[in-house]
Amino acid sequence: MASAIRSLPADVQEMLDNVAVVVQDEPGQADRDDVGEGGHEELFGLYQGIPQTERTSSYSLVAPDRISLYAGPLTRA
């Protein structure tokens, strides 16, 4: 995973500041509930956090935002 992120263009890597990227087998029910997914569509990934465009000067000392990628749905597609 780390090598894939390092291979991204520098401007994309910059946007991943304070963002954790994780790979999981399948989305959990809580993840489906977050996006209102009722089980009829595959969920390939989920961003949880505060978008950079909405961050203010008070954005500090916060847990990293998170991008979850779901291997099962991506493989099936």
Side-chain angles (χ1 to χ4, degrees):
M1 171 64 79
S3 64
I5 292 173
R6 282 193 304 272
S7 71
L8 295 170
D11 58 330
V12 174
Q13 289 184 42
E14 232 175 77
M15 289 187 270
L16 292 176
D17 182 42
N18 202 38
V19 177
V21 180
V22 297
V23 177
Q24 298 176 305
D25 291 331
E26 299 288 337
Q29 189 59 49
D31 298 332
R32 293 176 190 279
D33 292 345
D34 277 353
V35 295
E37 207 267 54
H40 303 292
E41 301 290 331
E42 291 277 25
L43 182 60
F44 299 119
L46 181 63
Y47 178 87
Q48 295 169 303
I50 301 170
Q52 285 190 349
T53 56
E54 296 178 18
R55 294 178 186 175
T56 65
S57 59
S58 64
Y59 181 84
S60 63
L61 300 173
V62 297
D65 294 355
R66 179 179 170 130
I67 296 174
S68 299
L69 301 173
Y70 304 114
L74 289 166
T75 301
R76 289 189 291 276

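Values reported hereafter were calculated over all heavy atoms of this structure, with side chains retained and with hydrogens, waters and symmetry mates removed. One-based numbering along the sequence shown. In this text the structure is predicted, and so the values were computed from the model without any measurement.
Between P64 and V19 there is no side-chain heavy-atom pair separated by less than 4.5 Å.
Taking the side chain to side chain contact (heavy atoms under 4.5 Å, CB included) definition, one finds that E54 meets it with I50, P51, sequence neighbours left out. Listed by chain and residue number, nothing satisfies the side-chain hydrogen bond (donor to acceptor under 3.5 Å, both in side chains) test with Q13 (two or more places apart in sequence, or in another chain).
Residue L8 holds its CG atom at 9.5 Å from CE of M15, rounded to the nearest 0.5 Å. Distance check, rounded to the nearest 0.5 Å: OG1 of T75 to CZ of F44 gives 10.0 Å. From R32, atom CZ reaches atom CG of L46 across 11.0 Å, with rounding to the nearest 0.5 Å. With rounding to the nearest 0.5 angstrom, the OH atom of Y70 is 5.0 Å from the CD atom of Q24.
Other residues, nucleotides and ligands contribute only 12 or fewer heavy atoms inside 6.0 Å of the CG atom of D25.
Contact record, E26 with P73: OE1-CD, 3.6 Å, taken as the closest heavy-atom pair.
Transitive grouping of hydrophobic side chains (ILVMFWY, heavy atoms separated by less than 4.5 Å) keeps L16 and V22 in distinct clusters.
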